[in-house]
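So the structure is just underneath, and the comments pick up after that.
Computed over heavy atoms, backbone and side chain alike; hydrogens, waters and symmetry mates excluded.
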Amino acid sequence: MNKQSKNKEAAFAWIDFFVKESGYVEENGFIPVLTTNEPTLPQMTEFLSYQPSLIESADRDATFYRIGNAAQIPFGTGALVQELAVAPDLQQEFEKLNKRWQKAKKSLGY
């Protein structure tokens with residue numbers, strides 16, 4: 001939910017419904033969002049039986065997103081992963097991304 005949303009209450013209600021009542025996660029075999037729910041996918045149940053250490057991703061700070069936006073690098077959309085997955089030369093693609101990042105960083109005064 002966007003912190004600048006004009007409809008935070010409605011957005012929260014939708015998320016609450018989606019996570020707790022819609023059944024979407026269970027019907028599609030995803031990892032449950034609520035830690036009190038058990039996964040419906042047998043593979044996930046087996047995986048969790050080994051008691052792995054689960055790591056959640058941390059939010060990046062605003063500077064990361066400002067630079068990424070200025071560099072026009074589509075973080076979090078899946079587009080970047082798709083571009084890199086089909087790149088004929090992965091190292092060359094990383095170099096291009098690094099150049100765009102450095103240029104954007106410099107233009108923003110970082």
Side-chain angles (χ1 to χ4, degrees):
M1 169 178 12
N2 188 308
K3 68 180 179 180
Q4 297 171 346
S5 173
K6 294 177 182 160
N7 299 306
K8 288 182 187 173
E9 190 173 317
F12 184 80
W14 186 87
I15 291 169
D16 194 53
F17 163 77
F18 186 76
V19 169
K20 294 179 180 175
E21 299 175 39
S22 73
Y24 182 81
V25 170
E26 295 79 13
E27 290 172 11
N28 293 288
F30 295 122
I31 299 171
V33 176
L34 298 174
T35 57
T36 55
N37 291 2
E38 295 292 322
T40 56
L41 238 142
Q43 299 91 324
M44 181 55 71
T45 302
E46 179 183 355
F47 174 73
L48 291 175
S49 75
Y50 297 106
Q51 300 178 339
S53 296
L54 303 176
I55 301 170
E56 293 184 35
S57 64
D59 285 338
R60 309 246 192 284
D61 72 9
T63 303
F64 173 85
Y65 289 110
R66 278 194 289 277
I67 297 170
N69 288 337
Q72 297 183 344
I73 300 173
F75 292 118
T77 65
L80 180 60
V81 174
Q82 289 178 351
E83 287 175 28
L84 296 174
V86 298
D89 185 339
L90 188 57
Q91 185 58 44
Q92 186 178 20
E93 292 303 311
F94 284 142
E95 289 169 9
K96 287 179 189 177
L97 287 169
N98 284 334
K99 285 178 185 175
R100 286 169 44 192
W101 182 269
Q102 290 304 323
K103 183 179 177 183
K105 189 175 170 183
K106 186 176 180 180
S107 75
L108 294 171
Y110 294 110

Does K99 have any salt bridge (charged side-chain N to carboxylate O under 4.0 Å, His left out) partners at least two apart in sequence or in another chain, and if so, which?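 In terms of salt bridge (charged side-chain N to carboxylate O under 4.0 Å, His left out), with neighbours along the sequence ignored, K99 is linked to no residue.
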
Could you list all the ring-ring contact (aromatic ring centres under 6.0 Å, His included) pairs where at least one residue sits in residues 40-61, not counting sequence neighbours?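 ring-ring contact (aromatic ring centres under 6.0 Å, His included) check on residues 40-61 returns no pairs.
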
Can you list every pair that meets ring-ring contact (aromatic ring centres under 6.0 Å, His included) and has a residue in residues 51-91, with sequence neighbours left out?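 Checked against ring-ring contact (aromatic ring centres under 6.0 Å, His included) - neighbours excluded - the pairs reaching residues 51-91 are F64-F75, F64-W101.
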
Quick one: side-chain contact (heavy atoms from CB on, under 4.5 Å) partners of [X], sequence neighbours excluded?
| X | answer |
| --- | --- |
| Y24 | F18, S22, N28, F30 |
| E26 | N37, T40 |
| S49 | E46 |
| Q92 | D89, K96 |

Do L34 and P32 touch side chain to side chain, with heavy atoms closer than 4.5 Å?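 No. Closest side-chain heavy atoms not under 4.5 Å.
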
So V25 and V19, do their side chains get closer than 4.5 Å, heavy atoms only?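 V19 does not reach V25 side chain to side chain.
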
Can you give me the closest heavy-atom contact between [X] and [Y], atom names plus distance?
| X | Y | result |
| --- | --- | --- |
| K8 | Q4 | CE-N, 4.4 Å |
| P39 | M44 | CB-CG, 3.5 Å |
| P74 | T77 | O-OG1, 3.0 Å |

Do any pairs count as a side-chain hydrogen bond (donor to acceptor under 3.5 Å, both in side chains) and have a residue in residues 12-21, sequence neighbours left out, and if so which ones?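 Those involving residues 12-21 are D16-K20.
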
Would L48 and L41 show up in the same hydrophobic cluster when neighbours are defined by side-chain heavy atoms closer than 4.5 Å?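 Shared cluster, yes.
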
Connected via hydrophobic side-chain network under 4.5 Å: F17 and F12: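 Each belongs to a different hydrophobic cluster.
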
Below 3.5 Å, can you tabulate the donor-acceptor pairs from side chains in residues 102-110 to any protein atom, sequence neighbours excluded?
| residue | atom | partner | partner atom | Å |
| --- | --- | --- | --- | --- |
| S107 | OG | A104 | O | 2.8 |
| Y110 | OH | R66 | NE | 2.8 |
| Y110 | OH | R66 | NH2 | 3.2 |

